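The next block holds one structure in the form of structure tokens; read it before the comments.
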Number of protein chains: 2
Amino acid sequence: MSKVTIATVAERAGVSRQTVSNVLNTPQVVREETRERVLEAIAALGYRASQAARQMRTGRSRLIAVRIEPARDGINGSVLDRFLHGLTDAAAPAGYRVMLYTATDDTDEIATYENLLTSYDLDAFVLTSTHHGDARTSWLAERGVPFVTFGRPWGAPDTHSWVDVDNAAGTAMATRHLLDTGHRRIGFLGWPPGSGVGDARRDGWASTLAAAGVPGTGLDAATEDGIESGAAAVTDLLASVDALVCASDSLALGALRAARESGRPCTVIGFDDTAVAQAVGLSSVSQPLTQAAARCIDLLAGVLDRSAAPRQLLLEPSLVLRQSAAI
Amino acid sequence: MSKVTIATVAERAGVSRQTVSNVLNTPQVVREETRERVLEAIAALGYRASQAARQMRTGRSRLIAVRIEPARDGINGSVLDRFLHGLTDAAAPAGYRVMLYTATDDTDEIATYENLLTSYDLDAFVLTSTHHGDARTSWLAERGVPFVTFGRPWGAPDTHSWVDVDNAAGTAMATRHLLDTGHRRIGFLGWPPGSGVGDARRDGWASTLAAAGVPGTGLDAATEDGIESGAAAVTDLLASVDALVCASDSLALGALRAARESGRPCTVIGFDDTAVAQAVGLSSVSQPLTQAAARCIDLLAGVLDRSAAPRQLLLEPSLVLRQSAAI
DNA sequence: TCCAGCAACTTGAACGATCGAATGATGCCT
DNA sequence: AGGCATCATTCGATCGTTCAAGTTGCTGGA
């Protein structure tokens, strides 16, 4: 099984190297008959183009890079992991492979871009966890590096392609469900203002209550993400609500725990439909992560063409109902 | 910011291309003074070697491939994700990058190897989820492809390097803890015999009981992984045990649920210390996944040298104790 | 004095693909 | 028949690096 190059194939098919290359890259310029002969030779020899050689000539690597969060435990990390799974699945049929990198913060991530671009000639980046004043997108845009973000450009103009899940629609859906099932004192447990995602999730709750004419003022609390902090933040609130919409499953779990400890029954709905929600029977808003990943790959095709205008996609989450067991 | 190649650096430093290459790859053959001048030029120009060109010449890509499980929800999938995080972290300082691929089964995975090897010239593979009669390791070994497995070669001889966690030690630790805290009727909930990991976890429990002279016969159950199946499999057992060691957190959660429903108190210890265990306050055996990933990278260095003999590493898990809340 | 031996560096070729321009073959029009 | 456009294919150069084989200058031993 010696090395089979484009020259080997050319010799066997009785054509030149370039013709073989044309069969693979621009089939329309090759006569039908020749094309078939070449393809036959390719199959017979088990030829596969060397990415390294192709990459050196074209500058394209057919590799896209995605950041993976540093190893840490936790409930919410799994969301990005599921997105990553979807991305790998969707990239393969499109002829792309996913390469991972880590970074401690945005500045470090930008330094990594430089490294990866110059030494690996990456074709594109998929960014996650976009936030207000994100330095990464402007850096990439300035240098003309193709990229797609999972998460809209909070506050910045829509100059690039992105996919996002309608966070507000998710909490709105949860709130509406609680209204439909008879609840009238519905609170919200979220994160401190300033994060785009967190604010959107709060808005979904607030606007749904407002539209239904149900008062919500004073029925919300904000804290850092986490079970403990969620439980602590919600204790005061429990006296005045009988249902809670939460910005994450961690917070929801904290709320459930606090409710159980205080002895006050409270229906809780989380966000992200993590494994934990499944395990404890917690209703939760589910993001279509696999679909989001697939759309990112779709958009990337357009971005790599350079010709196509940037496109934006907002996906609808869904509500997964479970009989909320006390934790 | 035009392209800066090894020739640019050479010109600026007043030496030849090869000398620059030597500074980077075999510094000892270059005179101190020259070396510094070259390094200065590299820094000034921001030069970074093109992986594609290097790869074409050397056949090495500095890329290692790892399988990522297809997108699915669940509690146990997170274990491999955490391993993946650790691997990416550990690979970067060693000058390697991680590339992902998916595969539906072993046969499909082997087909993917062929693809990846011929077109991307991958340096090595890291395999996870090894099992009895694993076709993947023999395929790779036959072709001389460097690889390391996370998981020992169940049943097969130790002809390659691997890292594994001592599963039996984990359940032994859990069992011993239960004995120390006064339990005498300790059961085991695991998977059907045949899986190396599952059998090892059962053995740890059985041998510890035997060593302590505490009877365990008839106190174990086996079922497919999952909360529901775990709950179903353990109901009969609950009459005769007051503590359970489980092969996974999913099973442990099922056991907890069944115990709560039956009204019989039962101390439960899970395995893998997943986010779910954290969330519900379940004690669990924790695998040192970050460490395992780092060791895999270490071993890979030896494997890529070809000279070094295969090495094996067995890591000790630890027991994370929590006040087991009823679910 | 001469040349072997060494250290430090340089030069040409090669890896395997693609790009641009050139070549040969074919058909059509005048 | 000659000219010319069109299509299919070939040829030579090139991407950036490393390997193998020089070249140069210097030291020391016979």
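Everything numeric in this text was worked out from a predicted model, so none of it was measured. Sequence lines set the chain letters: A, B, ... in the order given, protein chains first and strands last, and positions in each chain run from 1.
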Got [X] and [Y] here, is their nearest side-chain heavy-atom distance under 4.5 Å?
{"X": "L87(B)", "Y": "C296(B)", "answer": "yes"}
{"X": "L127(B)", "Y": "T137(B)", "answer": "yes"}
{"X": "V163(A)", "Y": "Q291(A)", "answer": "no"}

In whole angstrom, give the distance that lies between atom [atom1] of [X] and atom [atom2] of [N].
{"X": "E32(A)", "N": "dT9(D)", "atom1": "CD", "atom2": "P", "value": "11 Å"}
{"X": "I6(B)", "N": "dT11(C)", "atom1": "CD1", "atom2": "C1'", "value": "14 Å"}
{"X": "Q28(B)", "N": "dA7(C)", "atom1": "CD", "atom2": "P", "value": "12 Å"}
{"X": "Q18(A)", "N": "dA22(C)", "atom1": "CD", "atom2": "C1'", "value": "12 Å"}
{"X": "E36(B)", "N": "dC9(C)", "atom1": "CD", "atom2": "P", "value": "12 Å"}
{"X": "L24(B)", "N": "dT18(D)", "atom1": "CG", "atom2": "P", "value": "7 Å"}
{"X": "M56(A)", "N": "dA13(D)", "atom1": "CE", "atom2": "P", "value": "17 Å"}
{"X": "Y47(B)", "N": "dG16(D)", "atom1": "OH", "atom2": "P", "value": "10 Å"}

Heavy atoms under 4.0 Å, any strand shown: does [X] hit a base, just sugar-phosphate, or nothing?
{"X": "A52(A)", "value": "nothing"}
{"X": "T58(B)", "value": "sugar-phosphate"}
{"X": "T19(A)", "value": "base"}

For the base of [N], is there a side-chain donor-acceptor partner from [X] under 3.5 Å away?
{"X": "R57(A)", "N": "dT14(D)", "value": "yes"}
{"X": "Q55(A)", "N": "dC15(D)", "value": "no"}
{"X": "R48(B)", "N": "dG16(D)", "value": "no"}

[X] side chain N/O closer than 4.0 Å to the phosphate oxygens (OP1, OP2) of [N]?
{"X": "T5(B)", "N": "dG16(D)", "result": "no"}
{"X": "N25(B)", "N": "dT18(D)", "result": "yes"}
{"X": "R31(A)", "N": "dT9(D)", "result": "yes"}
{"X": "S21(A)", "N": "dT18(C)", "result": "yes"}

Look at the side chain of S50(A) and decide which nucleotide, out of dT10(D), dA8(C), dG16(C), has an atom nearest to it.
dG16(C)
Which one, dA8(C), dT9(D), dT10(C), comes nearest to the side chain of V15(B)?
dT10(C)
Donor-acceptor pairs under 3.5 Å, side chain of residues 35-42 of chain B to any protein atom, not counting sequence neighbours: which ones?
unit_1	atom_1	unit_2	atom_2	d
R35(B)	NH2	E32(B)	OE1	3.3
R37(B)	NH1	A13(B)	O	2.4

Residues T130(B), D134(B); criterion side chain to side chain donor-acceptor pair (under 3.5 Å); working and verdict:
CA-CA 6 Å; T130(B) 53; D134(B) 203 316; 5.3 Å; no
Does R67(B) make a cation-pi contact with Y101(B) (under 6.0 Å, within 45 degrees of the axis)?
no
On DNA chain D, more 5' by nearest nucleotide between R17(A) and N22(A) is N22(A)
